[in-house]
J.: 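One structure, pasted below without further comment.
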Amino acid sequence: MSDAAPSAPPAVSLNGVGFEYGNTPVVQDATFDIESGAFVCMIGPNGGGKTTLLRLMLGLNRPARGTVRILGRPPGRVRRSIGYMPQHLQYDRAFPVTVRDVVRMGLIGCRGRGGARVREALETAGLYDRADTPFHRLSGGQRQRVLIARALVSGPQLLLLDEPTANVDPAAEEHLFDLLTRLNRRMTIVVVSHDLGFVSSAIDYCICVNRRVFTHPTREITGEKIEELYGGRLSAVRHEQTRTFPGGG
Ligand SMILES: Nc1ncnc2c1ncn2[C@@H]1O[C@H](COP(=O)(O)OP(=O)(O)OP(=O)(O)O)[C@@H](O)[C@H]1O
């Protein structure tokens, strides 16, 4: 037996990353790591570049400069280890797709029919009893949980969620947040939000994105900091930090 296990690479590592659409810079010199097992919120104003950063992590956008590594490897090599919940789901309400069908889409490209994995993902999301319900019959919060199940079904180590609480009521938001907190016991989670109200006790730190990127322990995200970073355009943070930021004392 070896003396000690080699330390795990960061779940996400960006080094000097730059990206633009045409001549418009969207991400400038982004350098940060997200350690394995962290629960991180990526915040910033509309158009600040949050979705673009997620797409860089997924390998859907290629950096013009710098490097992106996921679990120590280029994103394209670890695609199955990344679960992704996009901001918008385009679907035709007239198309009779069930909850089970939507979750099964997360297995496209994987071997086998994956019935047991679909069941497990739906049970985790608390929706197995709705498996045969048409997707459009669900509430907004339930639909978001189905999309989380779809992101989970391939067994990811890293879960990326783009605005999971957009258009859901406070009770559904609480429910989603509880689910993510439970999932964080077994995977790294990065949640994008343009609303600082999402930041709470379970979040280790925030990555503030406004073309440039700054990382802050959650407890440091004060009204003054927001004013300084964004001119006060974000709503107030809930100060409920109870977990210790790694290395932050
Ligand atoms: N496909 C594209 N082609 C050209 N410009 C784009 C494209 N996608 C995004 N942009 C622009 O890049 C900038 C960053 O967009 P991005 O979606 O990453 O921001 P965001 O922080 O996620 O915003 P939001 O909170 O509104 O979702 C914006 O100015 C946006 O208009």
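Hydrogens, waters and symmetry mates are skipped; everything else that's a heavy atom, side chains included, is used. Order of listing sets the numbers, starting from 1, for every ligand and every atom in it. Quick caveat: nothing in here was measured; it's all calculated off a predicted structure.
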J.: Measure the CG-CG distance between Leu179 and Leu183 for me, rounded to the nearest 0.5 Å.
T.: 4.5 Å
J.: Kindly say whether the aromatic ring centers of Phe177 and Phe39 come within a distance under 6.0 Å.
T.: yes
J.: Near Arg62 CZ, under 6.0 Å, is it more than 12 heavy atoms from other residues, nucleotides or ligands?
T.: no
J.: Using a 4.0 Å cutoff against the non-hydrogen atoms of Pro45, which atoms of ligand 1 qualify?
T.: 21 (O)
J.: Given Thr52, Thr51, Asn61, identify the one with the heavy atom nearest to atom 15 (O) of ligand 1.
T.: Thr52
J.: Heavy atoms only: which of Ala166, Gly47, Gly49 lies closest to atom 13 (C) of ligand 1?
T.: Gly47
J.: Which of the numbered atoms in ligand 1 are under 4.0 angstrom from any heavy atom belonging to Gly48?
T.: 19 (O), 20 (P), 21 (O)
J.: Just going by heavy-atom distances, which of Asn46, Leu54, Asn210, Asp162 is nearest to atom 26 (O) of ligand 1?
T.: Asn46
J.: Residue-level breakdown please: for Val26 versus ligand 1, do any non-hydrogen atoms fall below 4.0 Å on the side chain, on the backbone, on both, or on neither?
T.: side chain
J.: Is it true that Gln87 lies under 4.0 Å from ligand 1, counting heavy atoms only?
T.: yes
J.: For residues 70-78, which side-chain donor-acceptor pairs fall under 3.5 Å, sequence neighbours excluded?
T.:
none

J.: Which option out of Lys50, Arg55, Arg211 puts a heavy atom nearest to atom 21 (O) of ligand 1?
T.: Lys50
J.: Tell me whether Asp132 is salt-bridged to Arg100, with the criterion being a basic N under 4.0 Å from an acidic carboxylate O.
T.: yes
J.: Any salt bridge linking Glu20 with Arg211? Criterion: basic side-chain nitrogen under 4.0 Å from a carboxylate oxygen.
T.: no
J.: Answer with yes or no whether Gly44 contacts ligand 1, where contact means a heavy atom under 4.0 Å from a ligand atom.
T.: no
J.: Test side-chain hydrogen bond (donor to acceptor under 3.5 Å, both in side chains) on Asp101 and Thr98 and set out the steps.
T.: CA-CA 5 Å; Asp101 295 332; Thr98 66; 3.1 Å; yes
J.: Hey, is Gly22 one of the residues with a heavy atom under 4.0 angstrom from ligand 1?
T.: no
